[in-house]
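All residue numbers in this chain count up from 1 along the given sequence.
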Amino acid sequence: MDAIGQRTKLVAIIMFALVACGCASTQPISDADRAKVKTVKLNRAVDKGDLFLLAPSGANIGLMFGIVGGLAASGSIQNSQNAFAGFLDRNSIAIEKIVREEVELALRESGKSAIVNEGDGSVPAFNITIPQYGFGVTNLGGSKVVPVLSIKCEIVDSAGKVLWNSSDRMGPSIANPIDSITWAQMHDNPKLIEEQWRKASKYLAKKLIDQL
């Protein structure tokens with residue numbers, strides 16, 4: 001692929017990431033429903049979407065994180081995702097666990113809703129979704145990456161009515177509030193991956209719960 005084709009492909013990837021994650025949005029809770037969310041059941045099952053990786057500086061993520069031979073040489077997006085996902089599994093890094101823990105902590109510290117593990121059918125459910133997660137460079141010629149993360153939270157009553165929801169994201173841009181690191185640093189010290197996602201989760205979780 002020539003330089004123009006590569007740049008066009010990268011721009012398309014970035015635009016896809018922005019569209020897929022969307023912007024921050026909130027469905028406010030009504031005064032009538034406010035009393036219903038004083039106690040909630042935290043749904044321990046967290047759905048996650050696609051793993052997003054953006055490394056336009058030429059870094060071969062597949063080769064760096066585990067795929068060998070012809071597949072690594074192709075440098076395809078899918079192979080990079082598979083390699084990075086395998087690296088996460090081997091190092092017991094789960095974005096679902098990280099986000100759930102940080103959202104739960106933010107909710108408890110806010111005092112806005114008490115969390116119960118079990119309750120009667122009238123207790124609303126607090127659901128967490130991760131539409132997208134990963135890492136990406138902040139500019140097309142860069143080598144350092146920042147966490148990419150999108151989180152959506154919602155409270156649903158026993159009848160299936162959404163009482164409140166809020167979503168927010170951080171993407172691969174210079175506006176990202178988390179300090180950047182390199183792919184090599186993450187490879188050499190996998191704990192940095194969890195640390196980066198935990199910082200991002202903590203930042204977004206507080207913003208989301210502030211909207212409750």
Side-chain angles (χ1 to χ4, degrees), residues 13-14 17 20-21 24 42-57 59-68 72 77-110 115 117 126-139 142-153 166-210:
I13 291 172
I14 293 174
C21 286
L42 185 65
N43 187 347
R44 298 288 168 178
V46 177
D47 291 332
K48 67 178 180 181
D50 295 329
L51 173 62
F52 174 80
L53 302 174
L54 181 62
S57 61
N60 191 322
I61 306 305
L63 182 61
M64 183 178 296
F65 288 93
I67 291 180
V68 298
I77 294 173
Q78 186 62 55
N79 288 334
S80 294
Q81 291 173 332
N82 291 341
F84 197 76
F87 188 79
L88 296 176
D89 289 340
R90 291 193 298 275
N91 288 280
S92 301
I93 300 171
I95 187 64
E96 309 96 297
K97 179 177 182 292
I98 295 168
V99 171
R100 185 182 65 241
E101 289 175 350
E102 293 302 329
V103 171
E104 180 175 357
L105 179 61
L107 184 57
R108 290 186 186 279
E109 290 182 342
S110 74
I115 300 173
N117 293 324
F126 190 106
N127 302 320
I128 304 168
T129 306
I130 306 169
Q132 194 175 61
Y133 65 104
F135 288 93
V137 294
T138 57
N139 63 77
S143 59
K144 290 190 173 183
V145 297
V146 291
V148 172
L149 184 61
S150 176
I151 302 176
K152 178 181 179 180
C153 298
S166 188
S167 62
D168 208 340
R169 68 178 295 277
M170 60 174 64
S173 77
I174 57 174
N176 192 297
I178 311 302
D179 290 338
S180 60
I181 59 176
T182 66
W183 297 108
Q185 285 177 296
M186 291 191 287
H187 174 270
D188 294 342
N189 183 7
K191 289 183 179 179
L192 286 176
I193 298 175
E194 180 169 349
E195 289 178 10
Q196 289 289 93
W197 276 340
R198 194 167 290 281
K199 290 176 183 177
S201 299
K202 186 182 295 291
Y203 179 89
L204 291 179
K206 185 180 186 306
K207 290 183 67 179
L208 293 171
I209 300 304
D210 282 348

Fill in the blank from the handout: P131 and K152 have their tightest heavy-atom pair at CD-N, 4.2 Å
Practice task
Please report the shortest heavy-atom distance between P177 and M170, naming the atom on each side.
Solution key: CG-CE, 3.8 Å
Completion exercise
Those residues at least two apart in sequence (or on a different chain) that pass side chain to side chain donor-acceptor pair (under 3.5 Å) with R100 are none
Handout entry: F84 side chain reached by L53 side chain, heavy atoms, under 4.5 Å
Key = yes
Handout entry: ring-ring contact (aromatic ring centres under 6.0 Å, His included) contacts touching residues 85-105 (sequence neighbours left out)
Key = F65-F87, F87-H187
Exercise for the section: State whether the side chain of E96 and the backbone N or O of R44 hold a donor-acceptor pair below 3.5 Å, judged by distance alone. Expected result: no
Practice task
Give a yes or no on whether the backbone of L51 and the side-chain of Q81 come within a donor-acceptor separation of less than 3.5 Å.
Solution key: yes
Practice task
First locate atom OG of S110, then atom CG of L105, and finally report the distance between them rounded to the nearest 0.5 Å.
Solution key: 10.0 Å
Practice task
Return yes if some donor-acceptor pair links the side-chain N/O of W197 with the main-chain N/O of L192 below 3.5 Å, else return no.
Solution key: no
Exercise for the section: Check whether any side-chain heavy atom of Y133 sits under 4.5 Å from a side-chain heavy atom of I98, and report yes or no. Expected result: no
Completion exercise
Tightest non-hydrogen contact, residues N176 and P147, listed as ND2-O, 2.9 Å
Handout entry: Nearest-0.5 Å distance that lies between atom CD1 in I128 and atom NZ in K48
Key = 14.5 Å
Problem - Closest non-hydrogen atom pair, L204 against I151 - result: CB-CD1, 4.0 Å
Handout entry: Presence of salt bridge, E195 and K199, under 4.0 angstrom
Key = no
Handout entry: Residues which pass side chain to side chain donor-acceptor pair (under 3.5 Å) with N127, listed by chain and number, not counting sequence neighbours
Key = N43, E154
Practice task
Please report the closest heavy-atom contact between G136 and V148, naming both atoms and the distance.
Solution key: N-CG2, 3.8 Å
Completion exercise
V146 and P172 have their tightest heavy-atom pair at CG2-CA, 4.0 Å
Exercise for the section: Kindly indicate whether the side chain of K202, heavy atoms from C-beta on, has any atom under 4.5 Å from the side chain of K206. Expected result: no
Handout entry: Distance in Å, I178 CD1 paired with Q196 CD, rounded so as to fall on 0.5 Å steps
Key = 7.0 Å
Exercise for the section: Find the distance between CZ (R198) and CD1 (I93) and round it off to the nearest 0.5 Å. Expected result: 11.0 Å
Exercise for the section: Could you tell me whether the side chain of N91 and the main chain of K191 form a donor-acceptor pair under 3.5 Å? Expected result: no
Problem - Separation of F135 CZ from T182 OG1 (nearest 0.5 Å) - result: 11.0 Å
Exercise for the section: Please answer whether the main-chain N or O of Q132 pairs with a side-chain N or O of D50 as donor and acceptor at a distance below 3.5 Å. Expected result: no
Exercise for the section: Give a yes or no on whether D179 atom CG has more than 12 heavy-atom contacts from other residues, nucleotides or ligands under 6.0 Å away. Expected result: no
Problem - Value rounded to 0.5 Å, distance of CG in L54 from CD1 in I61 - result: 9.5 Å
